[in-house]
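Below, read A as the first sequence line, B as the second, and so on, with proteins coming before strands; counting in each chain starts at 1. No experiment lies behind these values; they were computed from the predicted model shown.
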Number of protein chains: 2
Amino acid sequence: MTSTTTRERLLGSARTLFQRQGFAATGIKQILEVSDAASASLYHFYPGGKHDLAADAIRTSGAEYQALVESVLDSAPDPCAGVRACFDGAASTVEASGYQDACPIATVASEIANTDDELRQACADVFDSWIDAAAKRFRAAGVKPAAARELAVTFIMLLEGGFLMARVRRDAAPLRRAGRTMEALVRASLDS
Amino acid sequence: MTSTTTRERLLGSARTLFQRQGFAATGIKQILEVSDAASASLYHFYPGGKHDLAADAIRTSGAEYQALVESVLDSAPDPCAGVRACFDGAASTVEASGYQDACPIATVASEIANTDDELRQACADVFDSWIDAAAKRFRAAGVKPAAARELAVTFIMLLEGGFLMARVRRDAAPLRRAGRTMEALVRASLDS
DNA sequence: TCGGCGCTGGAGAGATCATTCCATCCGCTG
DNA sequence: CAGCGGATGGAATGATCTCTCCAGCGCCGA
């Protein structure tokens, strides 16, 4: 039996709802209902309320997705196949969820970028961490540090753009094609 | 003297606020304050309220941004320089606004993609229209139709990913570098 | 068995939300 | 000048929002 604590259920529901609906559109009430928890429990674990909960959701979702991407990259024979597998996996996830689940933090990040500097910084940290993880692997494959970082930034930008396009247009094909484009860019960097 | 009607002020404020804060985080009250209009006026021009107003904001902002992109592309000597100018211009706009103004519809699009099918469709139409406009120009430069369309989709994906990255990380450099990457992709398509 | 404490149930405070309503106003036309 | 219809000011609607409070629950060490 997998026991789930109230705190875990709160965080889990919040992560899912924030990912799918964003920050402002997700109500505390809705999180409590999905979590089957009392409001006092939320404010017990997260004294800062919705804001604290969102910060935790951003950090944990960011770390979890990074671990997923790293495992995909590391289990591929080379970075070219690795990045393509990331896009293909992302496309499959988006499709499988009925175009609901894409990037775990993008919707919130876009929403609060101008209005909440603390959450904005949390999202920036997540992106930086993703970029570092990818750049490290490109370097390990022989790409020069500066180029590896640029390649990693492009990787995340293309992935985010692909997520948005797929969700809005209800079509995961562009995400897969973006994977091939990214693969070509990585290959070009490896050859030089 | 430029006379502005109440309807124009309502739509203008709504467009700006939705772009910067998203749909859910922007209140009718705030729109009315910025517009200096009465609530009855809003419901007079937009009987469907906030929803109708957002639909109009998405459509008009989408069309306006498309016109801007088209003028940049058409005034460049070739599509390579054109796409780069689009990214450079986007980066400058983001910087000049203090990282507030990026894509006019991305924040709302991301927010409502799972929850409001009518607004989602409006956003999808805008993206499709942008893609068509870019693909048309790539074809005119000699790129085969299928490749031109893929290139155009990549263009928008990279632009959207760049907007998000720039806003969240408060750094427009990735947006400019994305422009060079996109330029290289267009050039490669022209050569083949 | 008892005391302490982390945790929870439930009621509700206080603010803000989108929306409605109606009397009134303004500019146009007859 | 009379009258009509589009547009507006402002109050009030009910719903919903986040957050607080406190009594009491159950678990765990002594």
task: Nearest-nucleotide wise, let me know which of A/Ile28 and B/Phe45 is further upstream toward the 5' end of DNA chain D.
output: B/Phe45
message: Does atom CG (B/Asp36) have a neighbourhood of more than 12 heavy atoms from anything else shown, all under 6.0 Å?
response: no
- prompt: Taking NE2 from A/His44 and C1' from D/dG24, how many angstroms apart are they, rounded to a whole number?
  reply: 15 Å
message: Over 60° means perpendicular and under 30° means parallel, so tell me whether A/Trp130 and A/Tyr65 are parallel, tilted or perpendicular.
response: tilted
field: Distance, rounded to the nearest Å, where B/Gln30 contributes CD and D/dC17 contributes C1'
entry: 16 Å
message: Tell me the interatomic distance from A/Tyr46, atom OH, to C/dC7, atom P, rounded to whole angstroms.
response: 12 Å
- prompt: Which nucleotide in the list C/dT20, C/dT8, D/dT8 gets nearest to the side chain of B/Thr6?
  reply: D/dT8
message: Whole angstroms only, please: what is the CD-P distance between A/Glu33 and C/dG10?
response: 14 Å
query: Toward the 5' end of DNA chain D, which comes first, A/Phe23 or A/Ala40, by nearest nucleotide?
result: A/Phe23
Length of the OH-P vector between B/Tyr43 and D/dT8, whole Å: 15 Å
Gap between atoms CG and C1', on A/Asp36 and C/dC7 respectively (whole Å): 15 Å
task: To the nearest 0.5 Å, tell me how far B/Leu151 CG sits from B/Leu185 CG.
output: 6.5 Å
- request: Could you please name the option among C/dC17, C/dT8, D/dT8 that lies closest to any side-chain atom of B/Lys29?
  value: C/dC17
query: Hey, is the side chain of A/Ser41 poking within less than 4.0 Å of OP1 or OP2 on C/dT8, counting only N and O atoms?
result: yes
query: Are OP1 or OP2 of D/dG10 and a side-chain N or O of B/Ser39 less than 4.0 angstrom apart?
result: no
Short N-O contact, A/Arg59 and A/Asp56, less than 4.0 angstrom: no
- line: When rounded to whole Å, the CG to P distance for the pair B/Leu53 and C/dT19 reads 10 Å
query: With a 4.0 Å cut-off on heavy atoms, is B/Thr5 in touch with a base, just the backbone sugar-phosphate, or nothing at all?
result: nothing
- request: Mind calculating the distance between CG (A/Asp52) and P (D/dT18) to the nearest angstrom?
  value: 15 Å
- prompt: About how many Å separate CE of B/Met165 and CG of B/Leu175, when rounded to the nearest 0.5 Å?
  reply: 10.5 Å
